[in-house]
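So the structure is just underneath, and the comments pick up after that.
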Amino acid sequence: MTANPNALEHDGQDSNLHDTLKYSLLGPSLTKSGQDSVDQKKVSDIIYDASKGSKFFAHEENRDKLLTVKIERILEKKARLEKLNLTRDQKKADEYVAELELSRDLTQTVVHVDCDAFYAAVEELDRPELKLVPFAVGKGVLTTCNYHARKFGCRSGMAGFVAKKLCPQLIQLPLNFEKYTAKAREVREIISQYDPRFESASIDEAYLNITAYCESNSIRPEEAVEQLRKEVHEKTKVTISAGIAANTKLAKICSNINKPNGQYRLQNDRGAIMTFMDTLPTRKVNGVGRVFERELDAVGVKTCGDIYQYRQYLSKLFGEKAFKFLIQCYLGLGRTDTQPAEEYERKSIGTESTFADLSGHNGLCDKLEKTAQELEKDMVKAQFKGKTLVLKVKLHTYEVLTRQVIPPKAVYLAGDLYKYSLPMLSKLEQEFKGLTLRLMGLRCTHLVTMKKPDPLAFFGYPKVRNSPASSGPASESNESKGEPVETGGSSSSGVWPSEDFEEAAKDEYQEELEELEILSQLEELESQQFNEGKLDSETKPESGGLVKEAAREASSASASVEKGKGQLKRGRHDSGKSRSGLKDDPKQTRLSFN
DNA sequence: ATTGGAAGGACCC
DNA sequence: TGCCAGGGTCCTTCCCGA
């Protein structure tokens, strides 16, 4: 492994730095999806050369150095731990292993399906001639590319100009989301017939529990999935790959094995699963990214099987969450239940955009206004207001900063979004003189719905959900102050005119009235139509609670609807993950049918 | 000690 | 030539005030 020969190297350290940096520049999607048969060394050098000297490169280099330092500290800590008596930690780990082992559930059959090069596949349907040439979807950055392009080393997440260096004849198409979502809907239509409670993990991925389907149709999982894939292919013309296993974590890994247009089954057998995990590189597991992979590698954990022999260190080295997550990886455990879209609760809504370096107060304000207008559109579409507002900026150096406020009222209108985010921007301009940005974004969190509950839908469909904390401490403290709570320490924040506060108070009063109104409607309905008394009419003063109860009632979901972080529910082997987005099962970029 | 907000990051697609 | 997205979720750390 020699580093770039053009680079000056004084010692091995430098060469290591280059190696790790190069690896990092390869992008996040490397070992995830099959890029075998590609000369990675050559690709790596081309990417390195193409990137060299750019601000992006400098930033990556910096991050790489920081990570290297972090890893050094981890290793020092490990060295200290090795001199200690860790029998307690070992015992703790062993107990956890035993506990998990007891709850291992091999009765379920879970499938992960994944459309092959989805966006590219959809584009090929419109333009079949594209099948013959390497092409990608996405202009500045490739979101995906067809398998022809992958042979050149092109990957999703790669900069367009870099991809062109790897493959000069590469064709780049613009994104057309409407087309993809329409096609995705077709696919889901079919999937739902195999499991109506399927979970869509992203626009082109889903988890199904086909236990019931196989049972009632007296069909083997392999056959059922063959049939599903065939049906999808015939009706939608896109091919999908699938993984079949005892839980979501394993199924996800398996769906990558025979991609594209293939499937793989890992038997519901403890021995088979342990063997499978034993040699599986950590990076293959959903939740282990480039950073965690490097950290684990440094302490000696390359495969999931390696986790066991280091079990006594993991908690102290990486934290409790990561420890649990890793042990579950070692054992090959994961969720067996799925969360259908109707039960999914959105946590935030945001928009951001990248542009040519921009500085100057007026220009930045303009951009902020545009951003606010974009966000309003999304908020209106989704019918939400946000109780907190987050401003995100990326400096021209690629450094990312966020600032947030809690406005005196929940917001969604562009005017408000702008008004309450402007002070944050202004403060940043003071903090960083000559502030130059390449990206700006706004995001609303702590959402409260504006949807009026439809009393009829109420009993059958838990569509309407209010924020669980509709009258949380945040808004109370605001009320008492009448001005936004500013983030961290020194607040140069101007005081908003008192009329704002009055207006906000009025709004809230109005909302309360509406909620009460809704509540009484519901109670009425309840007594009229719900003689069985399933719903506790001992109601909380917010419809959100009620509706959520109904949601639980309506489906026997294991209600991960719960808010709050770190909820460790025994009996469910999820919530593992750790300090770096190690959520067991990312629910990102879901398609919401609002 | 705990809690909760804010900021920063890792990760996923 | 012009040099790396945008939509999310969750976890950790820091800090503050009861």
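Chain identifiers are assigned alphabetically (A, B, ...) following the order of the sequence lines, protein sequences preceding nucleic acid strands; residue numbering begins at 1 within each chain.
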| message | For a quick check, tell me whether the side chain of S51(A) and the base of dC4(C) share a donor-acceptor pair closer than 3.5 Å. | response | yes
| With a 3.5 Å cut-off and just heavy-atom distances, do the side chain of S202(A) and the base of dC13(B) make a donor-acceptor pair? | no
Quick one: is [X] getting a side-chain N or O under 4.0 Å of the [N] phosphate, OP1 or OP2?
{"X": "S353(A)", "N": "dA5(C)", "value": "no"}
{"X": "T354(A)", "N": "dG6(C)", "value": "yes"}
{"X": "R443(A)", "N": "dG8(C)", "value": "yes"}
{"X": "S156(A)", "N": "dC13(B)", "value": "no"}

Closest to side chain of [X], choosing from [options]:
{"X": "K321(A)", "options": "dA5(C), dG8(C), dT12(C)", "answer": "dT12(C)"}
{"X": "R346(A)", "options": "dA10(B), dG8(B), dG8(C)", "answer": "dG8(C)"}
{"X": "S348(A)", "options": "dA10(B), dG7(C), dG8(C)", "answer": "dG8(C)"}
{"X": "V141(A)", "options": "dC4(C), dG8(C), dG7(C)", "answer": "dC4(C)"}
{"X": "K252(A)", "options": "dT9(C), dG6(C), dC12(B)", "answer": "dC12(B)"}
{"X": "R438(A)", "options": "dC11(B), dG6(C), dC4(C)", "answer": "dC4(C)"}

| note | Note: for Y398(A) and G350(A) on DNA chain C, the residue whose nearest nucleotide lies more 5' is Y398(A)
| message | As a quick check of understanding, evaluate side-chain contact (heavy atoms from CB on, under 4.5 Å) for V43(A) and I47(A), giving each step before the final call. | response | CA-CA 6 Å; V43(A) 169; I47(A) 295 175; 3.7 Å; yes
Expressed as a whole number of angstroms, how long is the span from [X]:[atom1] to [N]:[atom2]?
{"X": "K165(A)", "N": "dC4(C)", "atom1": "NZ", "atom2": "C1'", "answer": "13 Å"}
{"X": "F177(A)", "N": "dA5(C)", "atom1": "CZ", "atom2": "P", "answer": "14 Å"}
{"X": "K55(A)", "N": "dC4(C)", "atom1": "NZ", "atom2": "P", "answer": "9 Å"}
{"X": "K70(A)", "N": "dG8(B)", "atom1": "NZ", "atom2": "P", "answer": "16 Å"}
{"X": "F292(A)", "N": "dC11(C)", "atom1": "CZ", "atom2": "P", "answer": "13 Å"}
{"X": "K347(A)", "N": "dC11(C)", "atom1": "NZ", "atom2": "P", "answer": "11 Å"}
{"X": "E352(A)", "N": "dT9(C)", "atom1": "CD", "atom2": "P", "answer": "13 Å"}

| Counting N and O atoms only, with roles assigned by atom type, does the side chain of N256(A) sit under 3.5 Å from a partner on the main chain of G243(A), one being a donor and the other an acceptor? | no
| Would you find a donor on one side and an acceptor on the other, under 3.5 Å apart, between the side chain of T143(A) and the backbone of V137(A)? | yes
| said: Parallel, tilted or perpendicular, judged at 30° and 60°: which one describes the rings of F57(A) and Y48(A)? | reply: perpendicular
| K347(A) and T445(A), any side-chain heavy atoms less than 4.5 Å apart | no
| message | Quick check on DNA chain B: between E205(A) and R63(A), whose nearest nucleotide comes earlier from the 5' end? | response | R63(A)
